[in-house]
Amino acid sequence: MESLKTFDWAGVLDWLNTLIAGFSQFLVDQGVPEEYSALAAMGTLYLGATLVVLIFILLLLKLFGRREKQKKVAPADVAEEPLAEAEAEAEAEAEAEAEAEAEA
């Protein structure tokens, strides 16, 4: 059991701190005031992560939403069959009435 490595949060926080520091310096080089560079870096990373999660959720909805749409289409096809039969019966009755009037 001692050979299993545990998750090191300190390493993750160091990596995140390094990422934000590098991105902050990039933003300063692009013209963002130094006082706001760290906040701008965190905000930009947060916005980017939010967009990635949003795209992921939309892809999941697109993949799993199609199955529900197909289920909804199938009952509509079944509902059209009785309508087609009713229309055929109505046409047959209309033809029978027309023939009866022609004979009279």
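Quick caveat: nothing in here was measured; it's all calculated off a predicted structure.
- Taken to the nearest 0.5 Å, the CG atom of Leu13 stands 9.0 Å off from the CG atom of Asp8.
- How far CH2 of Trp9 is from CG of Leu16: 10.5 Å, rounded to the nearest 0.5 Å.
- A distance of 9.5 Å separates OG in Ser24 from CD in Glu34, rounded to the nearest 0.5 Å.
- Considering CZ of Phe23 and OG1 of Thr44, their distance stands at 4.5 Å, rounded to 0.5 Å.
- Val53 and Leu45 end up in different hydrophobic clusters when Ile, Leu, Val, Met, Phe, Trp and Tyr side chains are linked at under 4.5 Å.
- The two residues Val32 and Ala40 make their nearest non-hydrogen contact at CG1-CB, 4.3 Å.
- Here the CG-CG distance, from Leu58 to Leu51, works out to 10.5 Å after rounding to the nearest 0.5 Å.
- The shortest non-hydrogen separation linking Leu27 to Ser37 is CD1-O, 3.9 Å.
- Under the 4.5 Å side-chain heavy-atom criterion for Ile, Leu, Val, Met, Phe, Trp and Tyr, Phe64 and Phe56 are members of the same hydrophobic cluster.
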